[in-house]
Amino acid sequence: MAARVAACTACHGAQGRAGADGYYPRLAGKPQEYLYHQLLNFRDDRRQYRPMSHLLAGLPDDYLRDMAAYFSEQHVPYPPPLRADVSSATLQAGRTLAMQGDAARGLPACASCHGAALSGVMPAIPGLLGLPRDYIGSQIGSWKNGLRRAAEPDCMADIANKLTPTDIGALAAWLSSQPVVEPYAPEAAGSLKLPAECGSQAQR
């Protein structure tokens, strides 16, 4: 397995703890089904990032599932967050969207799907804390621009399409600046009633 994931850890850091450049996200401790479906999405061109697609081309499902299991079982400390150099109003706007949403625009809170502690929900919803600001912003932008997709109905694409660039910046700034309080682990499956139907949650 060490040989199999060597290409992953070259960018995502030892044990998948996150890359040092502030872009490559943490893999360690994410739900196995989430990681597995992201590998499938890169391999099958639902997520657009050429180095990942190239690495995964032709690899069988079981091989990818084993890799996802490996990273889901890695539990390493989170580093302290970086302070976001934005106004307090921007941070407050990000917090409001993350924890309360915006009912007038049909935007559910991030917490309504990703859990009250934003730690994710088993088996396939990831946590949102401990991720680099640039990565968060780029991924929401990818959903919005159609460069990242999931099984239909694609609930994240629907949400991203309602977010403005200002919203995305505020969310990325607030989420990336929050400390991770241990134990930080996904909530149990079925512990939340999701506000929308998500096709990726139907895939097992």
Side-chain angles (χ1 to χ4, degrees), residues 1-43 46-47 49 51-56 59-84 98 110-111 113-140 142-143 148 150 156 171-189 191-192 198 200-201 203-204:
M1 183 57 68
R4 188 183 302 190
V5 302
C8 309
T9 57
C11 292
H12 291 274
Q15 296 176 278
R17 66 179 62 216
D21 63 355
Y23 181 78
Y24 295 98
R26 180 185 177 98
L27 305 178
K30 295 281 180 70
Q32 178 181 340
E33 286 296 313
Y34 170 76
L35 294 174
Y36 172 60
H37 283 114
Q38 298 321 299
L39 292 171
L40 292 179
N41 289 344
F42 278 120
R43 186 195 67 186
R46 285 186 292 270
R47 287 188 70 171
Y49 186 61
M52 283 290 297
S53 300
H54 176 74
L55 285 172
L56 299 172
L59 295 181
D61 292 3
D62 288 346
Y63 190 99
L64 300 182
R65 189 179 291 279
D66 289 346
M67 292 170 66
Y70 168 81
F71 284 113
S72 73
E73 293 164 1
Q74 305 304 304
H75 300 288
V76 293
Y78 282 81
L82 297 176
R83 182 182 178 277
C110 301
C113 292
H114 293 268
L118 302 172
S119 58
V121 181
M122 294 296 285
I125 298 176
L128 298 181
L129 304 186
L131 292 169
R133 179 179 172 187
D134 288 347
Y135 177 79
I136 296 170
S138 70
Q139 294 310 301
I140 299 175
S142 291
W143 287 110
R148 180 171 178 176
M156 267 303 303
L171 272 171
W174 186 80
L175 289 170
S176 65
S177 65
Q178 300 311 295
V180 172
V181 179
E182 299 287 0
Y184 185 71
E187 296 183 22
S191 59
L192 291 180
C198 294
S200 60
Q201 297 307 298
Q203 291 185 336
R204 296 290 180 265

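- Here the side chains of D66 and M1 are in contact, with some heavy-atom distance below 4.5 Å.
- Scanning all heavy atoms of the two residues, the minimum distance from A185 to S119 falls at O-OG, 2.9 Å.
- The structure places CG of L129 at 7.0 Å from CH2 of W174, a figure rounded to the nearest 0.5 Å.
- Within the 4.5 Å cutoff, no side-chain heavy atoms of R17 are placed close to those of H75.
- Contact of the Y23 side chain with the S138 side chain is registered, since non-hydrogen atoms from C-beta on lie closer than 4.5 Å.
- Looking only at distances, no side-chain donor or acceptor of S72 sits under 3.5 Å from a matching main-chain atom of P31.
- Heavy-atom minimum distance, G137 versus A172: N-CB, 3.8 Å.
- If you take CG on L35 and CZ on R65, they are separated by 11.5 Å, rounding to the nearest 0.5 Å.
- Between S191 and V121, the closest heavy-atom pair is OG-CG1, 4.1 Å.
- Geometrically, R26 engages Y78 in a cation-pi contact defined by less than 6.0 Å to the ring centre and at most 45° from the axis.
- The structure places CZ of R47 at 13.5 Å from NE2 of H37, a figure rounded to the nearest 0.5 Å.
- With a 4.5 Å cut-off on side-chain heavy atoms, T9 and F71 count as touching.
- For Q178 (side chain) and L128 (main-chain N/O), no donor-acceptor pair under 3.5 Å exists by modelled atom type.
- Rounded to the nearest 0.5 angstrom, Q74 CD and K30 NZ are separated by 14.0 Å.
- A distance of 11.0 Å separates CG in L118 from SG in C113, rounded to the nearest 0.5 Å.
- Residues M52 and L39 meet the side-chain proximity criterion, which asks for heavy atoms closer than 4.5 Å.
- Looking only at side-chain heavy atoms (C-beta outward), S177 and R83 stay at 4.5 Å or farther from each other.
- Residues L131 and Q139 have side chains not in contact (no heavy-atom distance under 4.5 Å, counting atoms from C-beta outward).
- Going from atom CE of M67 over to atom CG of L59 covers 7.0 Å, rounded to the nearest 0.5 Å.
- Residues passing the salt bridge (charged side-chain N to carboxylate O under 4.0 Å, His left out) test with D61, sequence neighbours excluded: R43.
- The closest donor-acceptor contact from the side chain of Y36 to the backbone of A124 lies at 3.5 Å or more, if one exists at all.
- Closest heavy-atom contact between V76 and A28: CG2-CB, 4.0 Å.
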